[in-house]
Amino acid sequence: MPELPEVETLCRQLNEILPGEKILAVEVLDPRLGTTEDEGLDGRKIERVYRQGKYIRIEMGKRSQDPGISGPEKGRGKIKQKPSDDRLTAALHLRMTGRLLWQTGSEPAPPYTRLVISFAAGRLILIDPRRFATFCVRPSETAPALVENPLEGLPPHHLKKTAEKRRLPVKSFLMDQRFVAGIGNIYACEILYHAGIDPRRHAGSLSDAEWRKVQKASAAVLPRAVECRGTTVSDWRDLFGMSGENQNHLEVYSREGKPCRRCGGMIQRTKIGGRGTWFCPICQK
DNA sequence: TATAATGTTAGACT
DNA sequence: AAGTCTAACATTAT
């Protein structure tokens, strides 16, 4: 479900709420998530939330030694600091149908709730019908530091160099998280439409000028989608259950048979790498 | 009932 | 050997 703009939306909203909040309880309702409840999260304060590709990373401080909560023997004065009591990070990936919802008050958890993290101010709920989402405490620090962040621009030279000799479709290249972090099916289709490039082209066949068009296209498409708080075509909602607005700006995705707004021709659908792919055969060469 | 869905990846195939 | 392709994961909606 969520791609870069949707994940970015959630991270910004979480950052308005969570920093300074202390975790009171963690409930894991789906064993497939990849976490258990005793990973030592209780009592930690959230420091910040940020996006890495499509991952939501949550940075936490050391475990609280507040006697009111954990009740260690008083007067002993000496509190052991285990390594597990150091600061730590968790990484959440929503995959296809994951959603986050912020609840205050005592509403019941919605259907398909897989994880609940409770704070004094409210609780953070992970909803995920298809159960592909993952929540990993202490994710491997093999951070893809070299991966480009499309919100900070995609250097055309670097793209060209990386794509050199590759014969996979340029659309698959853009969606490969090892090369570019955050682009998924909707925005790959939209970016290539804006760039005027046929998604079936081999990645290695694009010229410098064409990679520059890709850069310009992503610089236009992605920040606007963030401003619109994401694309709601089926079930995407932000942290507060609100739909996004970017579906009003889609030019090709899910518009098979409808007229291209630039040339009037008919938008076509095909399949690339097993994924639905929409494009205008007249505008995209 | 068959197909497709905003993601990733292990294994098969070139 | 490295690059590319496909099926699989689990579930709902059309």
Side-chain angles (χ1 to χ4, degrees), chain A residues 1-11 29-34 51-56 91-100 110-115 126-136 139-140 142 144 147 150 161-193 199-205 218 221-222 224-226 228-238 243-257 268-279:
Chain A
M1 183 161 70
E3 303 180 36
L4 182 152
E6 290 76 27
V7 177
E8 179 71 19
T9 297
L10 287 173
C11 286
L29 290 88
D30 183 0
R32 277 185 53 90
L33 261 183
R51 180 184 63 77
Q52 189 176 79
K54 296 175 193 171
Y55 283 90
I56 297 171
L92 175 65
H93 197 304
L94 299 171
R95 308 281 166 148
M96 287 292 263
T97 53
R99 282 181 49 192
L100 287 180
Y112 313 115
T113 293
R114 310 296 185 195
L115 174 73
L126 170 68
I127 304 161
D128 183 27
R130 282 171 76 175
R131 305 169 68 205
F132 291 162
T134 54
F135 180 70
C136 179
S140 59
T142 51
V147 168
K161 196 92 200 306
T162 313
E164 225 167 30
K165 301 251 179 182
R166 293 186 185 274
R167 302 181 61 79
L168 83 171
V170 60
K171 187 208 179 202
S172 303
F173 177 84
L174 289 178
M175 290 175 66
D176 190 321
Q177 304 299 299
R178 292 169 303 177
F179 305 141
V180 182
I183 294 178
N185 205 24
I186 293 180
Y187 298 105
C189 291
E190 294 297 313
I191 286 168
L192 288 171
Y193 171 83
R200 299 166 294 188
R201 291 263 306 275
H202 293 324
S205 76
S218 56
V221 168
L222 296 174
R224 179 176 64 189
V226 172
C228 290
R229 296 179 357 277
T231 300
T232 300
V233 288
S234 61
D235 50 3
W236 157 254
R237 296 293 186 283
D238 71 12
S243 295
E245 303 291 341
N246 193 62
Q247 58 278 15
N248 302 318
H249 297 292
L250 296 182
E251 300 287 355
V252 287
Y253 183 85
S254 200
R255 293 194 67 239
E256 182 181 14
Q268 274 186 23
R269 179 188 191 279
T270 183
K271 214 172 232 201
I272 295 177
R275 312 300 303 279
T277 302
W278 293 262
F279 66 106

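Since the model is a prediction, treat every value here as computed from it, not as a measurement. So that the names make sense, note that chain A is the first sequence line, chain B the second, and so on, each numbered from 1.
Every residue was checked against the side chain to side chain contact (heavy atoms under 4.5 Å, CB included) condition with A/S254, not counting sequence neighbours, and none meets it. Under the rule for a side chain to side chain donor-acceptor pair (under 3.5 Å), the partners of A/T277 that lie at least two apart in sequence or sit in another chain are A/K171. Applying the side chain to side chain donor-acceptor pair (under 3.5 Å) test to A/R229 and every residue at least two apart in sequence or in another chain returns A/D238. Not a single side chain to side chain donor-acceptor pair (under 3.5 Å) links A/R275 to another residue, sequence neighbours left out. In this view, A/R200 and A/D198 satisfy the side chain to side chain donor-acceptor pair (under 3.5 Å) rule, not counting sequence neighbours. With sequence neighbours excluded, no residue forms a ring pair (Phe, Tyr, Trp, His ring centres under 6.0 Å) with A/Y187.
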* Pairing pattern in dot-bracket form [Watson-Crick, G-U; both distances under 3.5 Å; | = partner strand] for DNA chain C -> .||||||||.||||
* Just by protein heavy atoms under 4.0 Å, how would nucleotides 9-14 of chain B read 5' to 3' in B, S and -? -> ------
* Asked: With the sugar-phosphate defined as primed atoms, P, OP1 and OP2, and the base as all remaining atoms, what B/S/- string results for nucleotides 8-14 of chain C, 5' to 3', for protein heavy atoms under 4.0 Å?
  -> -BBBS--
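For the pair A/N185 CG and B/dA5 P, the computed distance is 7 Å after rounding to whole Å.
If you check every strand for non-hydrogen atoms under 4.0 Å, A/G274 touches nothing.
Using a 4.0 Å cut-off between charged side-chain N and carboxylate O, A/R32 and A/D30 make no salt bridge. Classification of A/R114 and A/D128 as a salt-bridged pair fails, no side-chain N sitting under 4.0 Å from a carboxylate O.
Using a 4.0 Å cut-off, no side-chain N or O of A/H93 falls inside it from OP1 or OP2 of B/dG7. Residue A/Q177 places no side-chain N or O under 4.0 Å from the OP1 or OP2 atom of B/dG7.
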Check the interface with nucleotides 1-4 of chain B: list each N/O to N/O pair with the protein under 3.5 Å, or write none.
unit_1 : atom_1 : unit_2 : atom_2 : d
B/dA4  : O3'    : A/R269 : NH2    : 3.4

Grab the N/O contacts between the protein and nucleotides 2-5 of chain C below 3.5 Å, and write none if there aren't any.
unit_1 : atom_1 : unit_2 : atom_2 : d
C/dT4  : OP1    : A/R167 : N      : 2.4
C/dT4  : OP1    : A/L168 : N      : 3.2
C/dT4  : OP2    : A/R166 : NH1    : 3.4

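Looking at A/P5 and A/T231, their side chains never come closer than 4.5 Å, going by heavy atoms from C-beta outward.
For the salt bridge (charged side-chain N to carboxylate O under 4.0 Å, His left out) condition, the pairs that include at least one residue of residues 243-256 of chain A, sequence neighbours left out, are A/E251-A/R261.
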